[in-house]
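Worksheet: the structure to be examined is printed underneath.
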Amino acid sequence: MKRQRGTTEDDRTVYGVHPVMELVERKPHEVVRIWVAREDDRKLGRLLRTARHAGIPVSRLPRAALNRRLPRGVNHQGVAALSAASRYVPLERVRQAGESGAGLLVVVDGVQDP
């Protein structure tokens with residue numbers, strides 16, 4: 001049976017040093033938690049300092065535990081972050097925005113870039 005996609009933890013997980021750093025720097029309020037492989041935490045000094053400064057919880061766990069937490073075979077580089085669930089806009093507000101003539105309205109669903 002194929003798992004239905006939705007707003008699961010898998011959908012909200014960002015992994016890899018640069019993507020996680022980008023999320024922490026640009027949208028710290030959207031980061032729920034960061035997971036770091038214990039073996040790699042010394043390489044991630046800047047990221048961990050930035051997260052600490054932003055008040056983001058960091059969990060250090062064995063690499064094997066981090067591997068189990070993420071999709072099989074991803075290159076996480078020893079770090080992953082869980083982002084907050086997406087906020088949705090009521091359909092009526094989207095319709096009003098489209099009718100306002102204020103500009104181009106593009107509605108997209110399911111676009112992901114780890």
Side-chain angles (χ1 to χ4, degrees):
M1 174 185 253
K2 187 175 180 181
R3 184 172 67 96
Q4 290 287 357
R5 302 281 296 170
T7 306
T8 65
E9 194 169 288
D10 285 350
D11 295 334
R12 299 181 296 130
T13 303
V14 177
Y15 48 86
V17 176
H18 295 292
V20 171
M21 188 69 194
E22 182 81 12
L23 182 61
V24 169
E25 286 181 339
R26 296 192 185 268
K27 299 179 181 179
H29 59 281
E30 291 186 11
V31 183
V32 174
R33 172 166 304 282
I34 295 175
W35 298 292
V36 175
R38 284 185 194 135
E39 302 85 354
D40 296 318
D41 65 352
R42 291 183 186 211
K43 296 187 288 187
L44 302 170
R46 177 174 166 236
L47 173 65
L48 296 176
R49 282 189 304 277
T50 305
R52 187 178 330 116
H53 180 70
I56 300 168
V58 176
S59 296
R60 288 173 172 79
L61 56 156
R63 182 174 279 277
L66 183 59
N67 289 341
R68 285 190 300 272
R69 193 169 273 291
L70 299 173
R72 186 180 196 112
V74 300
N75 183 13
H76 55 71
Q77 301 170 317
V79 65
L82 178 63
S83 65
S86 299
R87 293 184 312 228
Y88 290 92
V89 175
L91 184 58
E92 180 61 25
R93 188 165 161 205
V94 173
R95 187 184 64 73
Q96 289 171 351
E99 292 175 350
S100 72
L104 176 66
L105 174 67
V106 178
V107 180
V108 181
D109 182 25
V111 177
Q112 296 183 3
D113 182 5

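Remark: Glu39 pairs with no residue by the salt bridge (Lys or Arg N to Asp or Glu O under 4.0 Å) rule, at least two apart or across chains. For the side-chain contact (heavy atoms from CB on, under 4.5 Å) test, residues two or more places apart in sequence or in another chain that qualify with Ala65 are Leu61, Pro62, Arg68. Arg26 pairs by the salt bridge (Lys or Arg N to Asp or Glu O under 4.0 Å) definition with Glu22, not counting sequence neighbours. Residues satisfying the side-chain contact (heavy atoms from CB on, under 4.5 Å) test with Thr50, not counting sequence neighbours, are Met21, Val24, Glu25, Arg46. With sequence neighbours left out, Arg72 forms a side-chain contact (heavy atoms from CB on, under 4.5 Å) with no residue at all. In terms of the side-chain contact (heavy atoms from CB on, under 4.5 Å) criterion, residue partners of Pro57 (sequence neighbours excluded) are, by chain and number, Arg33. Listed by chain and residue number, nothing satisfies the salt bridge (Lys or Arg N to Asp or Glu O under 4.0 Å) test with Lys27 (two or more places apart in sequence, or in another chain). Residues satisfying the salt bridge (Lys or Arg N to Asp or Glu O under 4.0 Å) test with Arg52, not counting sequence neighbours, are none.
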Show which side-chain atoms of residues 74-83 pair as donor or acceptor with protein atoms under 3.5 Å away, not counting sequence neighbours.
unit_1	atom_1	unit_2	atom_2	d
His76	ND1	Gly78	N	2.8
His76	NE2	Asn67	OD1	2.5
Gln77	OE1	Val17	N	2.7
Ser83	OG	Arg12	O	2.9

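Applying the salt bridge (Lys or Arg N to Asp or Glu O under 4.0 Å) test to pairs two or more places apart or on separate chains, none has a residue in residues 76-85. Applying the salt bridge (Lys or Arg N to Asp or Glu O under 4.0 Å) rule to pairs touching residues 54-66 yields Asp40-Arg63, Asp41-Arg60, sequence neighbours excluded.
We find the CD1-CG distance between Ile56 and Leu47 to be 8.5 Å, quoted to the nearest 0.5 Å. Leu48 contributes atom CG, which lies 14.5 Å from atom NE2 of His53 (distance to the nearest 0.5 angstrom).
Smallest separation of non-hydrogen atoms from Pro19 and Val14: CB-CG1, 3.6 Å.
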Side chain to side chain contact (heavy atoms under 4.5 Å, CB included) between Thr13 and Trp35: does it pass, once the steps are laid out?
CA-CA 10 Å; Thr13 303; Trp35 298 292; 4.3 Å; yes
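Remark: His29 NE2 is packed, more than 12 non-hydrogen atoms of other residues, nucleotides or ligands lying under 6.0 Å away.
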